[in-house]
K.L.:
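Got a structure here, written out as structure tokens. Questions coming.
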Amino acid sequence: MHNKTLSEISSGLRNGDFSSEEITRHFLNRINQLDPQFNSFIAVTEEQAIQQARQADKMISAGETQALLGVPFAHKDIFCTEGVLTTSGSKMLENFISPYDSTVAANLKRAGAVNLGKTNMDEFAMGSSNETSFFGPVKNPWDVTRVPGGSSGGSAAAVAARLAPAATATDTGGSIRQPASLCGVTGLKPTYGRISRWGMIAFASSLDQAGPITQTAEDAALMLNSMAGFDPKDSTSVDQPVPDYRANLNDSLKGLTIGLPKEYFASGLDPKLENIIQEAISEYQRLGATVKEVSLPNSSLSVPVYYVIAPAECSTNLSRFDGVRYGYRCAEPINLEDMYTRTRSEGFGDEVKRRILIGTYVLSSGFYDAYYIQAQKTRRLIQQDFVNAFEQVDVLMAPTSPSPAFKFDEKTADPLTMYLEDIYTIGVNLAGLPGISIPAGQLDGLPVGLQIIGNYFSESKLLNVAHQYQQVTGWHKAQPID
Amino acid sequence: MEWETVIGLEIHAQLATESKIFSGSSTTFGAEANTQASLVDLALPGVLPVFNEQALKLAVIFGLGIGAKIHKKSVFDRKNYFYPDLPKGYQISQLHHPIVGEGHVDITLSDGTVKRVGVTRAHLEEDAGKSLHEDFHGSTGIDLNRAGTPLLEIVSEPDLRSAEEAVAYLKKIHTLIRYLGISDGNMAEGSMRCDINISMRPMGQETLGTRAEIKNVNSFRFVEKAIVHEMERQIDILEDGGSVVQETRLYDSELDETRSMRSKEVAMDYRYFPEPDLLPIIIDDEYIEALRANLPELPDQKKQRFTDQYNLSSSDAEQLAGSLELGRYFEEVVQISGAAKLSANWIIVELSGQLNKNELDIGDSPVTAQQLGELVLRIQDNTISGKIAKIVFQEIWNGKGSADQIIESQGLKQVTDSGAIETLVDEVIAANPSQVEQYLAGKEKMLGFFVGQIMKASKGKANPGQVNEILKGKLKQ
């Protein structure tokens, strides 16, 4: 039953093949049984899930047919969920029960989806390996000595191990696409503004974007249908109608022009990994697409620019964690400064502190112009590169990450090597574009993802392009365990 | 040495919106602690600000009221610092792109001269909460009801040269925001407060001296006292050959002194940067012009109209137009009495005197405009004399009814019957033969004596004009 896709579960429920309570219990049992070895969940909301499932069963028997009604899924623990532990992977929020629902949580609740629990993540979404989580690292279901990627490692691992048919996730610099790639699942990062950020614990406000992690592109479309939409509570969400993202899945790819950014295929890319990507592109050519080389001349600046802007924003977004109103507070502070200092020293992990320090530095008077202003200017150049490319091609294709899943502790000693994990994904966030990673092969038994990047609000096209590949290949069906 | 004082004010005016600037919480003053703090005001994880466009409208109206440039694009910034009553760890403000640019106001000084004071800018920002140090036995309580209240920070040029000028400017801004309806300007409730930047320099010197900033002064009187005190303090330092330290100071109204809060050397770096959770505010000409078309009459315009329409003196017009309520009261009185100058006089002298004595605002006056209008009307139509009117006024003040009721019940109506007056005149002349002699010998001042005696005999009710006329006639005989 757990091998079914979200879409298959959806039709099974409506056909009466099984009840929501049955399938929900099935996944809950599986989480209890298997997750101790993966650590992909921080909290399992068993009671609530069964309650929601029973409610859904009633509605289904009353004739309701919403696609996600009664369908189980998991939330990345960055989304505030009312009455449920919401930690963002941090000691700072170890005991924080959110008094309200994020818009994403509310939307999925309204659609009748059943929340199984909250998935593990890098602390405050800062990391590419899930090793910064206060709740311990998630292990890659393909090889438990390896990382699942990050920051949405828990969501990607849970979907890969079939502990949940789908999970919500967020992507600030690759945090949906990179773990999807390393875990062999499908991860969609929509256009900035497509999904409300209300109730999504902020890392870097101008880059953060929610999206789904699923087995297939079709399932991602199903999730996006409920997650997307304008929200008056988020001033940066965009007031655009939400189409049915499944409507164009079956469009032919004849005449599609694929751009290959030459900078993404330059030296440094593992030739074996490049072969896998080239093979996927050949598959697209067989489906009727044509290929064209394009250039993103400023792409080498993406990582440095990102590591100015994201820390700058996070350094102030995380100021609210001060021990005054909620969350962790140090024991017996002797005065205000002591409370601030110890609360934050004890409550945040090393990577979060590193980024707060970088961010505080680049915003400081005397450095602001040289770092922050310069980074914002360069960000516009990077964005312009993409705009120029999309004048020539329909989508861009590239690797999602420079290597398959790596070993624990392999990259923790040197933060810079870890930051380079996101070299192919960060530009998309800086430009605010949508991107998707789909399984496209394996290297030494580990999944490799193909990244497809689209123009603004072209999610339907991206899902169509991904879906057509999944109609003629089987990489998305490969799974690490039964 | 002769010193010149240089002062600039930063005035914080709370904008009269129903809800907060970035959340839907109410802004009503005086509610129980933390009952007006929403998820956003508490800065829970994941919450986002949404700009209240009512605050934008009020800020633009202010800008138009001071003839300022309105910026069609303005941007919110984060001002970062840690304080327990600042829930997010940053205040959302506007640094580089304020909504209102350069403007000015004219102030009238006590010698009648008019001075133009430059306004550098005015920007939107949110207020912080309140730290409560009492009642918590060594701990601090936080009340976030005020957190997120919309403020307009109005920054003046360093154009002010004395405490008098500073207070006149502050009063003018106070009057303006009340006229424009953008703030209640209630200083006791903290709806308007100001920071004073003050420095001294030798008279004639161009460069500015080192300034001190006095924070959060919340009454006209305290502004004056704080400035006077700070001037003395700085002059003492300078004349002793010392130098003023650039720092933030606090005015203690109980001790009437300023003292250091923190020096700028260890000052905070606020690490301003554009607020990524909010889009820039973009407005167009149409938006601005629609607000301009609906601007109310402003204090300077009203003053001009009062002199033109009612023939008031410049200083009377200034005083009556200096408060929205007083101006309204005046026009209501005139409406009834039909006598502008007399009405103005009664409001400025009698009514204002009584109000000041009892520490009342015009809004709390026991004598309504309707009542005063009726009283002035009775002076105007000779029913009573000005002297009797003062008695009637006191009775109205004491709640004894309308002017007509009091005149009627106490028999205060003026005597205009010339027969009755003649009798009184005859009696007084007959009773004072020596004074008559003196008068006839050329001592014309004696006329006043006779008038006084006659008025006394009539208990003040005889029409003074008639008394004069009849008296002169009789004395000639």
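Just so it is clear, the structure is predicted and the values come from calculations on it, not from any experiment. Below, chain A is the first sequence line, B the second, and so on; all start at residue 1.
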K.L.:
Who are the side chain to side chain contact (heavy atoms under 4.5 Å, CB included) partners of L208(B), not counting sequence neighbours?
P.N.:
V6(B), R201(B)
K.L.:
Does any heavy atom of chain A fall under 4.5 Å from the side chain of L144(B), the backbone, both, or neither of them?
P.N.:
side chain
K.L.:
Between G89(B), A43(B), P274(B), P49(B), which residue shows the highest count of heavy-atom pairs closer than 4.5 Å to chain A?
P.N.:
A43(B)
K.L.:
Please check if the side chain of D171(A) supplies one atom and the backbone of I176(A) the other of a donor-acceptor pair under 3.5 Å.
P.N.:
yes
K.L.:
Does V238(A) reach the side chain of F230(A), with side-chain heavy atoms less than 4.5 Å apart?
P.N.:
no
K.L.:
Taking only residues two or more places apart in sequence or in another chain, which ones pass ring-ring contact (aromatic ring centres under 6.0 Å, His included) with F321(A)?
P.N.:
F124(A)
K.L.:
Heavy-atom pairs under 4.5 Å with chain A - which of V40(B), L86(B), L42(B) has more of them than the others?
P.N.:
L42(B)
K.L.:
Heavy-atom distances under 4.5 Å only: say whether F96(A) touches chain B with side chain, backbone, both or neither.
P.N.:
side chain
K.L.:
Applying the side chain to side chain contact (heavy atoms under 4.5 Å, CB included) test to L124(B), which of L58(B), V100(B), I92(B), L15(B) qualifies?
P.N.:
L15(B)
K.L.:
Who pairs with F457(A) by ring-ring contact (aromatic ring centres under 6.0 Å, His included), at least two apart in sequence or on another chain?
P.N.:
none
K.L.:
Can you check whether chain B and chain A share any donor-acceptor pairs under 3.5 Å, and give the atom names and distances if they do?
P.N.:
unit_1: Y100(A); atom_1: OH; unit_2: P45(B); atom_2: O; d: 2.6
unit_1: Y100(A); atom_1: OH; unit_2: V47(B); atom_2: N; d: 3.4
unit_1: R197(A); atom_1: NH1; unit_2: D277(B); atom_2: OD1; d: 3.2
unit_1: R197(A); atom_1: NH2; unit_2: D277(B); atom_2: OD1; d: 3.0
unit_1: G199(A); atom_1: N; unit_2: G46(B); atom_2: O; d: 2.7
unit_1: S205(A); atom_1: OG; unit_2: D277(B); atom_2: OD1; d: 3.2
unit_1: S235(A); atom_1: OG; unit_2: P49(B); atom_2: O; d: 3.3
unit_1: T316(A); atom_1: OG1; unit_2: R78(B); atom_2: NH1; d: 2.4
unit_1: N317(A); atom_1: OD1; unit_2: R78(B); atom_2: NH1; d: 2.9
unit_1: N317(A); atom_1: OD1; unit_2: R78(B); atom_2: NH2; d: 3.0
unit_1: R320(A); atom_1: N; unit_2: K88(B); atom_2: O; d: 3.4
unit_1: R320(A); atom_1: NH1; unit_2: L44(B); atom_2: O; d: 3.0
unit_1: R320(A); atom_1: NH2; unit_2: Y90(B); atom_2: OH; d: 3.2
unit_1: R325(A); atom_1: NE; unit_2: L42(B); atom_2: O; d: 2.8
unit_1: R325(A); atom_1: NH1; unit_2: P87(B); atom_2: O; d: 3.4
unit_1: R325(A); atom_1: NH2; unit_2: P87(B); atom_2: O; d: 2.8
unit_1: Y326(A); atom_1: OH; unit_2: A43(B); atom_2: O; d: 2.5
unit_1: Y340(A); atom_1: OH; unit_2: Y83(B); atom_2: N; d: 3.3
unit_1: S365(A); atom_1: N; unit_2: D269(B); atom_2: OD2; d: 2.7

K.L.:
By a 4.5 Å heavy-atom criterion (distance strictly below it), what part of I78(A) contacts chain B: side chain, backbone, both, or neither?
P.N.:
neither
K.L.:
Checking I214(B) against L250(B) for the side chain to side chain contact (heavy atoms under 4.5 Å, CB included) test, could you report, in this order, the C-alpha distance in whole Å, the side-chain angles of both residues, the deciding distance, and whether it holds?
P.N.:
CA-CA 5 Å; I214(B) 308 167; L250(B) 190 76; over 6 Å; no
K.L.:
Measure distances from L318(A) to the heavy atoms of chain B and classify the residue's part below 4.5 Å as side chain, backbone, both or neither.
P.N.:
neither
K.L.:
Can you find a heavy atom in the side chain of M121(A) that is under 4.5 Å from one in the side chain of S152(A)?
P.N.:
no
K.L.:
Do L64(B) and I70(B) come within less than 4.5 Å of each other through their side chains, counting heavy atoms only?
P.N.:
yes
K.L.:
Tell me, side chain or backbone of A204(A) under 4.5 Å from chain B's heavy atoms, or both, or neither?
P.N.:
neither
